[in-house]
Each structure stands twice: as C-alpha cells, then as structure tokens.
Amino acid sequence: MEGQGMETGQILSMNGGCGEESYAKNSHAQNAYLSKTIPVLHAALLDFCTKKLPATITIADLGCSSGPNTLFAISQSMSIIHDTCRQIGCSPPQFSVFLNDLPSNDFNTVFKSLPQFQKRMMEENGQDFGPCYIAGVPGSFYGRLFPAKSLHFVQSSTSLHWLSQVPLELSDCSDKAMVNKGKIYISRTSPPRVVEAYLSQFRRDFSSFLRLRSEEIAPGGHMVLTFRGRRMPDPFPDESCLLWDYLGLAFQDLVSQGLIEEEKLDSYNTPYYEPYVEDVRAEIEREGSFTLDRLEIIVAPWDGMNGGQRYDRRKTAEMMAKAMRAVNESMITSHFGDQILDSLFERFIDIMARDTKEVEHPNLVVSLIRKS
Ligand SMILES: C[S@@+](CC[C@H](N)C(=O)[O-])C[C@H]1O[C@@H](n2cnc3c(N)ncnc32)[C@H](O)[C@@H]1O
C-alpha cells in the first residue's frame, strides 16, 4: 500500500513554484518561527565567531525548501557573521553555503533566485561581503550528506518534525491495536501502541540525525535546529493535534460520502512527530556528541499563517487550509490520488471555521556545539 513503509523522501515535497498553491506563497507561519529563532541563532554565531575563524566558513541549511524562507535563514547567518567580524576587527570570511532538501524539492526555483540574492547581500552588507558560493545538496538528512568534519555551522528550520518514515508498526492493519482509526496523526482516540510507535520512530530518527551530523560537523562547530514540539508531556495537546484532527475529520466526511474507502483512510498516517521538549533533551544527552548550549520554546500565534493580518475565522481557516495543502498535498496524492484534494480542503475549511478553538503553535529551538 502507498505511503506506509515508504521513506518520507519518496512521498513528501512541498508544493513547488511561486503560484497561489505553492509553499513559497503559503509559508508565513514558518517565517514567523524563523524570525523568532534569530536571537538564538545570533547568540550561537557570536560564540562561534569568538573562536579562530577559518578563511571560508561552511554553512548548511537542512530542509531548505523553496521560497522566501530558504534564503532568509542563510542570509541572517551570513550577515551576523559578517557584522561580527567587522566589529571584532577580523577580515570578513568567504562563505560556502549548502542548501539541502529531499531530491523532489523545487531546487530550480531556488537556483533561479540566487543571482538576485547574491546582489542583495552585497548591497546590504557592503562590498567587502563574501563572496558566498551556494550549492544545492539533494538527499535525506537521515543519511550522510557531507564529508567528515567539513561543516562549521548547520541550521534547520521547521523540518526535523518530519520523520524518516511512518512508523513501520502502523502498516500492519490486521493488528487492531495498531490501527489509528479515522485519524492521520496522533489523536486522543489513538491506541497507546500507536503513540508509542511514533515516539520510538522519533527517537531513532533524531538520534541518527545527531550521529550523522556529528560526523560532518568539525569539532567546536555549531548547530541551531528549530522544529515543532510539545511543551507538555501529554501526547495529545490541542496545540499539537488539533489541525491534524480537523484534517482527519475532513477525511472522515469523504468516507461517509463514499469518496474514499474507510480502510484507505485507516492505512494513511503522517510521517510527522512533535516531540516533548524533555524527550529532545534526553536524546541529545544519550547520543552524546553535542553539548546542549540552549533549548528554548518559541510560540507562534494560532493565525501565524495570516502573515500578521487579522482575518475572521473563515478567512483564517482558508489560509490554514492553503498552508496545510502546500505541505501535505504530495503525500495525500500519493496515497489517495489527486481527485479528492479540493473536496478535502473545502471540508477542512468548514470544520475549522465552525470550531472556536485558537491554539498557539510551539516550536523548540535547540542550539548545540559539537564536542571536541
Ligand atoms: C516546512 S518545510 C520548511 C522549509 C524552510 N526551512 C522554512 O523554514 O520555511 C520542511 C522541509 O523539510 C524537508 N524535509 C523533510 N524531511 C527531510 C529529510 N529527511 N531530508 C531533507 N529534507 C527534508 C521538506 O522537504 C521541506 O522542504
């Protein structure tokens, strides 16, 4: 069956291009998380710059996607390093920047925007900026991507909550204890073993992510990661599960209308997990390659995808549907086909518009230093 047992890289890609349905046009919420991460990024880079700097600083952004956020993240890091070098009186470094995402990512749109980006960086930072050499690196960050000890600074924003795959245990639909009935992510009605399977998958994935990066990052190098997570141990808080519940209800409506089969829905789960902050801390300590410099929780408002505009509930639901669709469309299409997409997201809008809950969206920001 499609999706289940497949690696996420085979089914996940943000909607490409710059059109109305694209991730580029529907990633205001992720931009809000990125902006709130800047103080932690700044502190990590200041610390990094107090060490003996190499003539060329190598930065990698993991899960860069395509759109304004892709270059926003790396532009911030390069500008902070450049400014700091100026302030402490050392020569500005050159930059080697690697933009990583899954091979199906729309790298072409990113590459087309690079000449304009390089020009803007010179204008904003001065003629002594850079140069910066930018390259795309297609591949999963759950595998090796770079030569040993070749990276100085790694950043990743709103990406690490994607698991390498849906937990394999969930593909056994004959085992009732593993069927996430009518749901597509962890929900209050999920059997305990489903919740455990998600947690185990996260632990395996996060631990292997840390081990792989520990091989690639030079001793003393830094890594700043921002991803969706929980500030409470309860695995079902509305702030983690509500949007997935809305989408699950929209799917259930399609089942009752006979547009999709019930078994088809029961066998669809999302390769996504929002870990509890203390589980993240424990996994970093257990893996052991990095010193935990900071672990913070940042919170974006429930309507962050409105890009700072105040809209009524229905318009907000429409904006949320577009944001959810830009991220989930490829996976839904791979499992159900694309005929259901419009009906599904119309149902999502109705369900969200009828409800009254307004939940915040917490993200974990983790700043790590590679042990020597
Ligand atoms: C929500 S987007 C975030 C993009 C961008 N960093 C931002 O802040 O807007 C998540 C990105 O992570 C990528 N991603 C998910 N799993 C990945 C993996 N295993 N390896 C590399 N990229 C991955 C997705 O393809 C997607 O482009």
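Every number for a ligand or one of its atoms is a count from 1 in the order of the listing. Only heavy atoms go into these numbers, but all of them, side chains included; no hydrogens, no water, no symmetry mates.
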Contact with ligand 1 for Thr158, non-hydrogen, under 4.0 angstrom:
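Flag set, Thr158 near ligand 1.
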
N/O of [X] under 3.5 Å from N/O of ligand 1, yes or no?
X: Asn105; result: no
X: Leu12; result: no
X: Ser157; result: yes
X: Asn69; result: yes
X: Ser140; result: yes

Out of [options], whose heavy atom sits nearest [atom]?
atom: atom 12 (O) of ligand 1; options: Ser159, Pro271, Ser66; result: Ser159
atom: atom 5 (C) of ligand 1; options: Gly63, Gly143, Ala29; result: Gly63
atom: atom 7 (C) of ligand 1; options: Phe141, Tyr23, Tyr33, Phe72; result: Tyr23

Check each heavy atom of Asn100 against ligand 1 and say whether those closer than 4.0 Å belong to the side chain, the backbone, both or neither.
side chain

Measuring only between side-chain heavy atoms, which start at C-beta, is Leu210 closer than 4.5 Å to Ser289?
no

Could you tell me whether the side chain of Asp350 reaches within less than 4.5 Å of the side chain of Asp253, counting heavy atoms only?
no

Intermediate values then yes/no, side-chain hydrogen bond (donor to acceptor under 3.5 Å, both in side chains), Ser190 and Asn180
CA-CA 5 Å; Ser190 300; Asn180 200 13; 2.7 Å; yes

